[in-house]
Amino acid sequence: MIIDVTVNGVPRHLKSRSGDRLVDMLRKELKLLSLSPDCLQGRCGKCLVFMDGRIVHSCLVPAFKARATTILTFEAIAKNPEVKDIEKAFQITQTQPCPFCRSAKIMAIFDLLSRIPLPGEEDILEALDMVSCPCSDPLGLIQAVKLAAELRNKRKFSREA
Amino acid sequence: MKLSEVFFPQDVAEILELLRKNPDILLLAGGSAIVGSQASRTISLPEQVASIAKVQELRKTVRTEQFLEMGACTTFTGILSLAPTSLPEPLGSVIKAIGNRGLRNIATIGGNLCCENRFLDLWPFLSCMEAQVEFRSPSGSRWASVGHLCGEDNRPLIPKASILSRVRIPLYNYDFIYYRKLGNSLYPSSDSAMFVCMANIARDKVEDFRLVFSGDKAFRLKDKEMSISGKKTSTPRREIRGFVAEYKKAFEEMGLFDPRPFTALLEDVFGRLFL
Amino acid sequence: MLFASTIRSPFHRGRNAKVGIDALPKGYSAILAEDLPRHSLFPSFKDGIPIFASEQISYRGEALGLILGPDPGSCDELAAAARVECEEEEPEQEWESFSSSQIAYHYSAEYGDLEKMFVASSTELKEVYRNGIFDHHYSEPMGALSFWDKETLSVHCATQWPDDLRRRLSGALSLSEADIVVHPTEMGRTLDGRLWYPTIVAAQAAAASKISGKPVRILYTREEDFLHTTKQARSAVSIRSGSDDQGRLLALDIVILINIGAYNPLAPELVYQAASAITGIYSCPAIRIEAYAIRSNTIPLGAMGSVGATHAFFAIEAHMNNLAQRYSKHPAEIKALNILKKGQSTFGAPGLSADIPLDRIHRELQLVSDYPRKYASYELVKKRDPGCREGIVRGIALTLGYQTGRSFSEQSTMNSYSVEATLDRELKLLIKTQAAIGSEALKTMWRKTAAEILSIQEEHIRFLLPENTHSLPSGPMTLSRGSTVIQHLIEKTCRSIQKKRFRESLPLSAKARTRAPKASSSPEGLYPGAQLLDSASWCGTAVEVEIDALTGRPIPLAVWMVIDAGRIISMQTALASLRASTLSALALCTANDFDPASAGIDDYLADFNLRMRDLPDIHIRFIDPDRNGAAKGIGELPFVTIPAAFYSALTQALGLDPRQLPLKGGEILRLLEGS
Ligand code: FES
Ligand code: FES
């Protein structure tokens, strides 16, 4: 079947079969390689996308459910200055994730900071629950997210000023 | 790959029409339970599937003085975005503890209640809260207690050829709420289960006592609940021990679960309720 | 590119497998054992290990062939539809009472007069300690991509041992090593789950690509990886000890059984590491060890973090706790009495010349964790409320352990590492080494080291895998090798460049390599411990645990670690790495034991039950981190010490010794009832 969907701002007509997961359709048809399906159970977060503005694990979404929706993947998000803040925070706190979950973590943090500009620890943990990664130092990550929020707010605030 | 025919009904009337033609059609709302229970690359689905998540009628929320009524396709995030005062305790915290944010953005209340192989987290609470569900079928619509989603074999019973369209939760706050999640995993797995007990305490009496234990099966004794409701909080220990023993016996006789954790929780909850 | 899905055996054991495949759709094809040269991939292992099984099926799920095609989902379905027949045989699942044909490797050693010391003992204690199967939870499921570029075979694969992969491929596919280029891809955290198994997957992809003439990609789903690839081995360790009236060890008679499942070419290494760990902490004048790697018809089992050491530390620490109970003493007291000290004897080292810091670690650990007070008060609570009716069930325990940067395998390549560094005119440093596949944390540490020595910027340092490692055999990248051995080599090369800089002009290069152990230091008949200790970093860990008396769920409350790992190059990186490993190690302690007969993806996912939010308080203290001298590895320390400490803390909380790990909530409730 053909799925009409807007991906990263471009209207698309994508081929898919009823049993395909959204993550696979996006990878296969559009070569969106930031998505690397792993657990297929909504735990690892390596398939996070924004669907109609809400972050979802695209392995849990049958491809056909994307019909008439707007999808944003890391490829589109990456251009945002917010992502630069997050990356800088990773760098400063020395918490750069390995490539497996880098985009997943950035997506989760991006979603968090766009909802809650000054997140508390509980908010941060809630966001990071979307990405289960075997090699993260939790304390370092929490620090990184706080710093990313700070950098973001500073940038926005100074520009507005 | 076995291909399925996928429909995108626009409203409930179209869903009912699809159900009339094929009572076995799969109604897929969030799909997280159905898709998430399959770890293979491709998802296996029945011959016909209707994607109903976008049907507006099934996403409406109405709040009156007595109850909160939600369309079955309301997502958990949708529920959490209601004003905190609109949500009877402890629904908010229970929903917040389900899965993770990504999952809550797609999982729906109807989907959580209609999982075929086990009772997911909401059912035992809604059962204690005496929530009602609306079923609509080509032949009409009816409201029933959420308890109807449990069959005689104590396993989930998902009505065929109809759609669970709305959930109505009485806006009634219980004084005593006790729940514990069991098992090794935060996500549903073979050993996970939920123990829920709710009651009111009025003039030193325990009223509206409810106790549900559910996992892949469910356990609730309505007659026992009735006999406990109305008891004084100062009921003699001997009598309380009698209730505990009766519960234990019934639980063991039904042989649904390993009785050990249930017993420990039972003793704890009765200890707290009856001083 | 073609995708490939694996046809798997539905039988646990059998001979002469036959695979029936219906006519395949256009564009799809199958590759079976009969299409390949009949070479074993690991001929060094008893009976060899095939690329695809055919004559002998060794476990359910073993690969019998591949379906190749343009769509991965369809390949999966076609592979699942293949009909497999064989002459089925009775599987050997029993391993604790094994037959001689099941022995894959046996090591035995004896030191001192065991019988005489048992006679002199006033107390004898014999127990068996069992450890379950755990998944590695590495960052990505197994996979490989292979293609031919003219006459050269390219293989992309996340392997900890690219050099060995090339050697194996060359043997099995009858190619010259020079014609194979291995590109190790990012690995993330591996916990030694990618030491040798990726070689099988890479060989399958390479063979398929050779036959089809197209690039071939195999990428397991997480479920497939969980169900069919290697895990931490199951073990049963029996310890019989004799001790004097104070609790001083006089004799240890130890039998270590490690179930390696269908096969594991590193069986000798597992056995050595376990044997040395079990006697590397406490001194005892007479020891006998019989250690076996036992085969059974289940998935291949093997290393986890510290190869075989975790099993050993778990068993010996549990035994010391039991001993303490027997003497009605604090476990810490009994341990302090027996800790290995400078000058004491152990196998192969009649008087230890090295200063082993265990005593100091043990003392400091008690202090920082407030162990004596907590231990005593939990004992008191238990006495007052034996059935735990008040719902507070807590325990605390401390354990000791080490991680080494050495291996004992007969393969000299296991201990060979090399580094070549070149500083160019723009002051950019290129480091060629196996370590190019190390973790980001390690690379950060190495960058820091090199930048400091050469006074250059960290951003100007790159790592690359040497193109011609076939001329220089190289060992596997593990946490300890990476941080201990390679760190040392990087320091050496950078120092030598720095020296030359004053005399010669840039660019400048320097090489350094470790020497393979001499033949005379072969471990056969020799206790390996003494050799290990020179490169070890030492650790003491205390864990405080609470059990939810209603659900049986164990909750780690706090972890304390006191570590002597030489110089700490980057405190921030070291702490981050230890915290991450602690979280993983604690998750293992509360995981479900993997049951090869009934495991499902739910069990795998349940293992992630310790989320970031569940991380307990972690207090880490390094002994003299600023000293001069070598830096040593630390990443494995949580894996070798936390399971033992967690378990012992549970033992105190429960008031009895379950003698097994892991423990599920249900079992804990049963034990609580009995206590
Ligand atoms: S692949 Fe979607 S969450 Fe893991
Ligand atoms: S997989 Fe997440 S940081 Fe490595």
Side-chain angles (χ1 to χ4, degrees), chain A residues 1-4 16-25 27-28 37-69 104 107-112 115-116 119 122-132, chain B residues 1-10 25-55 59 73 75-78 80-81 93 95-108 111 185-189:
Chain A
M1 81 189 98
I2 299 292
I3 310 289
D4 298 325
S16 110
R17 292 163 305 178
S18 53
D20 287 342
R21 297 170 192 260
L22 174 59
V23 59
D24 290 322
M25 179 177 80
R27 239 189 105 98
K28 196 168 145 197
D38 179 343
C39 70
L40 305 179
Q41 303 273 292
R43 317 280 171 92
C44 73
K46 293 175 191 166
C47 61
L48 284 173
V49 300
F50 287 92
M51 186 167 162
D52 287 338
R54 288 212 166 141
I55 195 160
V56 301
H57 294 90
S58 58
C59 66
L60 291 184
V61 180
F64 60 77
K65 267 197 70 190
R67 201 179 85 139
T69 63
M107 291 287 273
I109 300 168
F110 180 86
D111 170 59
L112 169 72
R115 288 181 291 115
I116 311 171
E122 187 49 41
D123 305 315
I124 297 174
L125 287 169
E126 194 211 11
L128 294 175
D129 273 350
M130 283 190 285
V131 184
S132 72
Chain B
M1 181 195 293
K2 225 177 64 212
L3 295 181
S4 316
E5 202 176 349
V6 183
F7 298 90
F8 298 91
Q10 296 302 306
I25 189 168
L26 174 75
L27 303 180
L28 192 126
S32 55
I34 292 168
V35 180
S37 63
Q38 303 182 35
S40 50
R41 243 179 281 259
T42 46
I43 323 157
S44 104
L45 294 169
E47 263 169 37
Q48 290 194 327
V49 183
S51 177
I52 60 170
K54 288 202 161 180
V55 175
R59 303 177 61 153
C73 291
T75 61
F76 287 148
T77 306
L80 291 174
S81 66
S93 30
I95 292 175
K96 245 190 142 180
I98 294 178
N100 54 49
R101 186 174 167 79
L103 183 111
R104 292 193 293 273
N105 276 340
I106 46 172
T108 63
S185 172
L186 296 164
Y187 295 88
S189 74

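Fair warning: this is a prediction, and the values are worked out from it, not measured in the lab. A, B, ... follow the sequence lines: proteins, then strands. Residue 1 opens every chain. Computation of the quantities below employed the complete heavy-atom set of this structure, encompassing side-chain atoms and omitting hydrogens, waters and symmetry-equivalent molecules.
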Original post:
If you round to the nearest 0.5 Å, how far is CD of A:Gln41 from CD of B:Gln38?
Top reply: 9.5 Å

Original post:
chain B heavy atoms under 4.5 Å from A:Met51: which part of the residue, side chain, backbone, both or neither?
Top reply: neither

Original post:
Salt bridge check: are B:Lys96 and A:Glu122 linked by an N-O gap of less than 4.0 Å?
Top reply: no

Subject >> Which atoms of B:Leu28 approach chain A - backbone, side chain, both or neither, heavy atom under 4.5 Å >> reply: side chain

Original post:
If you measure from CZ on A:Arg27 to CG on A:Leu22, what distance do you get to the nearest 0.5 Å?
Top reply: 13.5 Å

**OP:** Name the member of B:Ala107, B:Gly30, B:Ala53 that forms the most heavy-atom pairs with chain A at distances under 4.5 Å.
**Re:** B:Gly30

**OP:** To the nearest 0.5 angstrom, please state how far the CG atom of B:Asn100 sits from the CG atom of A:Leu125.
**Re:** 13.0 Å

**OP:** Look at A:Thr69, A:Ile55, A:Asp129, A:Val56 and state which one has the largest set of heavy-atom pairs under 4.5 Å with chain B.
**Re:** A:Ile55

Subject >> Heavy-atom proximity to chain A below 4.5 Å, by part of B:Ser44 >> reply: neither

**OP:** Could you name each residue pair satisfying salt bridge (charged side-chain N to carboxylate O under 4.0 Å, His left out) that touches residues 48-59 of chain A, not counting sequence neighbours?
**Re:** A:Asp52-B:Lys54

**OP:** Go through B:Val6, B:Ile43, B:Ile106 and name the one with the most non-hydrogen pairs under 4.5 angstrom from chain A.
**Re:** B:Ile43

**OP:** Could you list which of residues 57-67 of chain A have a heavy atom closer than 4.5 Å to any heavy atom of chain B, in residue-number order?
**Re:** A:His57, A:Cys59, A:Leu60, A:Val61, A:Pro62, A:Phe64, A:Lys65, A:Arg67

**OP:** Starting at CD1 of A:Ile109, measure out to CG of A:Leu128 and round the result to the nearest 0.5 Å.
**Re:** 6.0 Å

Original post:
Looking at A:Arg17, A:Arg21, A:Glu126, A:Met1, which one has more heavy-atom pairs under 4.5 Å with chain B than the rest?
Top reply: A:Arg21

Original post:
Are A:Asp111 and B:Arg101 within salt-bridge range, i.e. N to O under 4.0 Å?
Top reply: yes

Original post:
CG/A:Leu112 to CG/A:Asp123 distance, rounded to the nearest 0.5 angstrom?
Top reply: 6.0 Å

**OP:** Flag the one option from A:Asp24, A:Asp20, A:Leu48 with the top tally of heavy-atom pairs under 4.5 Å to chain B.
**Re:** A:Asp20

Original post:
Of all heavy-atom pairs between A:Ala104 and A:Val131, which one has the smallest distance, and what is that distance?
Top reply: O-CG2, 3.7 Å

Subject >> OG on A:Ser18 to CD on B:Glu47, rounded to 0.5 Å >> reply: 11.0 Å

**OP:** Counting only heavy atoms closer than 4.5 Å, note whether B:Leu3 contacts chain A via side chain, backbone, both or neither.
**Re:** both

